Amino acid sequence: NYTLLDRYTFTLTGRVDGSSVLAEGNKYAFFPSAASAWRLADEPFLSGLNAVSDLKLRVSYGRTGNSAIGPYQTLGQLTRGWYTFGANAPAVPGYRPGAIPNPDLKWETTDQYNVGLDFGFFDQRVTGTVDLYRQDTHDLLLTRALPYTSGFSSVLQNVGETQNRGIELGLSTVNLEGWHGLDWETDFNVSANRNEIVRLADDVPFDVGSGRWVGQPINVNHNYRFEGIWQAEEAAAAAAMGFRPGDIKVADLNGDGRITGDDRTFVGNHYNFPTWQGSLNNRFRFGSLDLSVLATARYGYMVNSGFVVAYTNLAGR
């Protein structure tokens, strides 16, 4: 750490992490970071602004790692099965290959860039932060789908790259302080994040088996588009597409008069990636009494309701 003139701060860090779950030769990785801050509030050209009680600009870069896989996943595994030798012979236990070994698994790494501003006004009655960030993650530890003709359904690999971009805003205000014994403070924050797959294995544009598309978020909802219910007066049109009145009407996006896999599209954001989310918290103090009122919001995402799938099946009724 180094501070110059009580206004300019510089920080450099470096660490080496090791993880026993990774393959030999890939267990250790180096993760550096660098950051600097500039306290503008202490600059002479802002000394005449009494309303500004704090102002600091921050810039940082850092690399972090993720080794979140189970022990022995880099090794091959066996699965127990039963075999018979002859029509009247008893079944005997045996073993077959159960998972493909991958001795090349290494750290998943993320490079993050951040620009932030901390501010305070009116003797810290109004304070807040604004942060802009970008995260570039590569060598993701993900399960890659395989064709069943290989004898396996998937393999764990370091696959592709993703990017997250976002903004975070936090604002705190002291609305009342000692007003007839009443204190009132408010905290508001809002954030927005955009997640995107940048590259997949072998530079393919999509991997339908794993549910991943370049240019789309991870776990994007890729499905048929719901357009209502086939009505009685639409019986002829429904029959032409293999449906009956009362069935779900699915959008024929390619216009070929049939509903096939080509009619699937991106129908909404995953619940982990809403368009924006935020909260508003108010705290009141009066004597020995405290009251806190919190409201939260998440907007712009789609939920696949497991309850509806499990408990609204009319088969057999």
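Residue indices begin at 1 and follow the sequence shown. This is a predicted model, so every value here is computed, not measured.
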Original post:
With sequence neighbours excluded, what pairs up with Arg194 under the side chain to side chain donor-acceptor pair (under 3.5 Å) test?
Top reply: none

Original post:
Do Asp252 and Val250 have side-chain heavy atoms sitting under 4.5 Å apart?
Top reply: no

**OP:** Fit a plane to each ring of His222 and Trp213, take the angle between them on a 0 to 90° scale, and name the class: parallel (under 30°), tilted (30 to 60°) or perpendicular (over 60°).
**Re:** tilted

Original post:
Mind checking whether Trp38 and Phe45 have parallel, tilted or perpendicular rings, split at 30° and 60°?
Top reply: perpendicular

Original post:
Does Arg199 have any salt bridge (charged side-chain N to carboxylate O under 4.0 Å, His left out) partners at least two apart in sequence or in another chain, and if so, which?
Top reply: Glu161, Asp203

Original post:
Which residues pass the salt bridge (charged side-chain N to carboxylate O under 4.0 Å, His left out) test with Arg39, sequence neighbours left out?
Top reply: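 In terms of salt bridge (charged side-chain N to carboxylate O under 4.0 Å, His left out), with neighbours along the sequence ignored, Arg39 is linked to Asp42, Asp54.
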
Subject >> Backbone of Ala23 reached by a side-chain donor or acceptor of Asn26 within 3.5 Å >> reply: no

Original post:
Sub-3.5 Å donor-acceptor pair from the side chain of Glu108 to the main-chain atoms of Asn66, do we have one?
Top reply: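 Side chain of Glu108 to backbone of Asn66, a donor-acceptor pair under 3.5 Å: no, none is there.
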
Subject >> Ring centres under 6.0 angstrom apart (Phe10, Tyr8) >> reply: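 Distance test on ring centres: not under 6.0 Å, no.
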
Subject >> CZ/Phe286: more than 12 non-hydrogen atoms of other groups inside 6.0 Å >> reply: no

Original post:
Taking atom types as modelled, is there a side-chain donor on Tyr224 or Asp263 under 3.5 Å from an acceptor on the other?
Top reply: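 Judged by distance alone, the side chains do not pair up.
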
**OP:** Using the rule that two of Ile, Leu, Val, Met, Phe, Trp, Tyr join whenever any of their side-chain heavy atoms come within less than 4.5 Å, decide whether Trp184 and Leu291 are in one cluster.
**Re:**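 As far as the 4.5 Å side-chain criterion goes, Leu291 and Trp184 are connected within one cluster.
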
